[in-house]
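Everything below concerns the one structure shown next.
Chain letters run A, B, ... following the sequence lines, proteins first and then strands; every chain starts at 1.
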There are 2 protein chains.
Amino acid sequence: MSNPNPAPTLRDVAEAAGVHTATASRALNPKTRQQISAETARRVMRAAQALGYQPNSAARSLKTSRSSTVGLVIPDLTNPLFPPIVRGVESVLESDGYNVWIVNTDNDDERERAQIESLRSRQVEGLIVATARLEHPLLRRLHQQGVTMVLINRQVEDLSIPAVTGDDATGVAAAVDHLVRLGHTRIAHLSGPLTTSTGRVRAQAFRHAVRDHGLPDDLVIECARWSEEDGATAMRELLAGEAQFTAIMAGNDLIALGCYDVFAERGISCPDDVSVIGFNDMPFLDKLRPPLTTVAVPHHELGAEAARMLLDCIDQPARPARSLLLPVTLVVRGSTAAPRS
Amino acid sequence: MSNPNPAPTLRDVAEAAGVHTATASRALNPKTRQQISAETARRVMRAAQALGYQPNSAARSLKTSRSSTVGLVIPDLTNPLFPPIVRGVESVLESDGYNVWIVNTDNDDERERAQIESLRSRQVEGLIVATARLEHPLLRRLHQQGVTMVLINRQVEDLSIPAVTGDDATGVAAAVDHLVRLGHTRIAHLSGPLTTSTGRVRAQAFRHAVRDHGLPDDLVIECARWSEEDGATAMRELLAGEAQFTAIMAGNDLIALGCYDVFAERGISCPDDVSVIGFNDMPFLDKLRPPLTTVAVPHHELGAEAARMLLDCIDQPARPARSLLLPVTLVVRGSTAAPRS
DNA sequence: TTGTATGCGTTATCAG
DNA sequence: CTGATAACGCATACAA
């Protein structure tokens, strides 16, 4: 901020209270306040109040080599899936005295590197990372360097880094069951990028689920990104192919919305001609035309659990990595129905 | 982060390169690099690279009393209106060497106070604030204390603080014109909270616009918050009243969605029975049933302009406050049609 | 209970 | 061009 009146320092407070800086420091810190007389403490605190004193956290963090800050690395804040995660993380960490620094990588490797570097230079005490890919040299390197870190929503290949995710496999199985029960026998999957754990796990779960029902598992198309646009592209590709199908399991809600776009474009009616299921249950899906059947992931909970796990990791650095899987639930709406024929 | 191998300091780099810390510092800082020989600079930079040196920004900021950080204060990140603003802000500030610290106030005064306090203790060089209310003692006090600050989306009462907002009045006028041209003569307004400038400006613009068309301006109900739930409450209240109406100008898209909820509840058909217009053009409105007619606000631009304005304010602290109004555009979709009768 | 002294890692100001 | 030195604001070990 600017400085017509430069910010008061601890020294100003101490002078105003007629004590030494060390005493003032102790008076202002709840953990050391007991060491000094109640009377002095009161005087110091009053002086601090009067001057509008704000401790300089750079100085504090330099001295204590603690920042009371953790970094939260998000691929794209405009994807409605992430804000609830942010809130969940904040709800736990802030009540524990931490501040959360959110950075947006825009799904760009170089930005991610720069942002994480910036967080590290600010001595964050840990990282919650939502940008993991199965192969992720940067995260692997940081982890080896001993950076305290918890993954959220997505994992790396070998589960060597602690992570909190939704139980995608069960969610996909429930979705496929629902379609099969409606009578569908030709189900396609428009998967997310198979470079991400969510993409791969959901695609594998899809194959297993349809096979378990004795159905063909070859109708899988991979989207390059988790976006409406790429969902539409995949949908067009599916339509261009020979294969018949009456239902689509989309890798996530955005991909499902891409399907909606193509339906509108081609005059396909959902759910009359084709049923669709999304994944995540992002906001406002109940108001779509038709309302989208999807798998609800408890994103706020995911964030809160990741934050708790990070706190544990900070407290016990030697703690072995674990993966926490949170239950998901199928939400049936209007985009699924029995096949026409 | 944890420290199996404590982070290398400038001193480590200097030793590895066989120079003094001061020299190493100059070599690593692009602005002072010219002061030293190319050969030495190269040696230092190589050493830094090899050690994985990250400057400790707490130490730097303590010494320089600059943080290269600005704070961004958001009322609620899960409102889809804000992520694009965040991106716009980041796009400008990050290319200018600043980092952006986003905080969420949850529309809670106490949280806002605590969050801003925390930002200040981190010596942020300026604030971009999206939580303004017309009466806002906290912001007013900060401004008087000389805190560099730009408001976004909303203003305070007397425009004494620089601000970037959408041209709400023109947007509302265009929306009302559209309804009148369709033949509506009884138009209601479900306004946002009149404690916010957006709520009040839109409500005033609504009254002016309908009066300009010779229509009654008394059908205005205020929502307590900018939410779907409060929109629904206001809609029920409107229906419970005596007044006839065939169209609704909602204070924003969320309030309009609340109307949709009540329509579903009461079997009212939109746009056959009632037309609705929202405000903001948040994502996915085109996929609602029916697609929502709304006023598009260029949120990314708003963020970018606010960031530019903040940079100007940081450079020239004496600069008088100005308000920048960005143009908005009516987006006609399926929620508006000619009245039935 | 309070005061004194020191150093966190960096950069700015001097000398050389 | 480079090195020595001091200081940013705070917290803490130690002394009183």
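- Look at CG on A:Leu62: it is 13 Å from P on D:dC8, rounded to the nearest Å.
- Judged purely by distance below 3.5 Å, without hydrogens or angles, the side chains of A:Arg120 and A:Gln145 pair a donor atom with an acceptor atom.
- A:Asn104 and A:Arg111 share no donor-acceptor pair across their side chains, judged by distance under 3.5 Å alone.
- Between A:Leu10 and A:Leu28, some side-chain heavy-atom pair lies under the 4.5 Å cut-off.
- Between A:Ser25 and D:dA11 there is a side-chain polar atom (N or O) within less than 4.0 angstrom of OP1 or OP2.
- Take the nearest nucleotide of DNA chain C for B:Arg26 and for B:Gln54: the residue whose nucleotide is more 5' is B:Gln54.
- Where A:Lys63 and B:Ala22 each meet DNA chain D at their nearest nucleotide, the meeting point lying more 5' is that of B:Ala22.
- When side chains are defined from C-beta on, A:Thr105 counts as touching A:Val73, because their heavy atoms get closer than 4.5 Å.
- Distances from the side chain of A:Thr64 to the nucleotides D:dA4, D:dG9, D:dA11 place D:dA11 closest.
- Within the 4.5 Å cutoff, no side-chain heavy atoms of A:Glu305 are placed close to those of A:Met309.
- Between A:His20 and A:Glu15, the side chains place no donor N or O within less than 3.5 Å of an acceptor N or O (distance only, hydrogens not considered).
- Between A:Asp312 and A:Arg322 there is no salt bridge, since no side-chain nitrogen of the basic residue lies less than 4.0 Å from a carboxylate oxygen of the acidic one.
- If B:Thr21 and A:Pro55 are placed on DNA chain D by their nearest nucleotide, the residue sitting closer to the 5' end is B:Thr21.
- The residue A:Leu10 sits close only to the backbone: its heavy atoms come under 4.0 Å of sugar-phosphate atoms, none of a base.
- Partners of B:Trp101 according to the ring-ring contact (aromatic ring centres under 6.0 Å, His included) rule, which considers only residues two or more places apart in sequence or in another chain, are A:Trp101.
- Applying the salt bridge (Lys or Arg N to Asp or Glu O under 4.0 Å) definition to pairs two or more places apart or across chains, those involving residues 139-158 of chain B are B:Arg140-B:Asp158, B:Glu157-B:Arg200.
- From the 5' end on, the contacts that DNA chain C makes with chain B at under 4.0 Å to a non-hydrogen atom open and close at C:dG9 to C:dT13.
- A heavy atom closer than 4.0 Å to some atom of DNA chain C occurs in A:Gln35, A:Ile36, A:Ser37, A:Thr40, these being the qualifying members of residues 33-52 of chain A.
- Residue pairs meeting the salt bridge (Lys or Arg N to Asp or Glu O under 4.0 Å) criterion with at least one partner in residues 74-85 of chain A, sequence neighbours excluded, are A:Asp76-B:Arg87.
- End-to-end axis angle of the helix from C:dT1-D:dA16 to C:dG16-D:dC1, using five pairs per end and rounding to 10°, comes to 40°.
- A:His20 places its NE2 atom 17 Å from the P atom of D:dG9, with the value rounded to the nearest Å.
- B:Gln123 and B:Ser61 are not linked by any side-chain donor-acceptor pair at a separation below 3.5 angstrom, with hydrogens and angles left out of the test.
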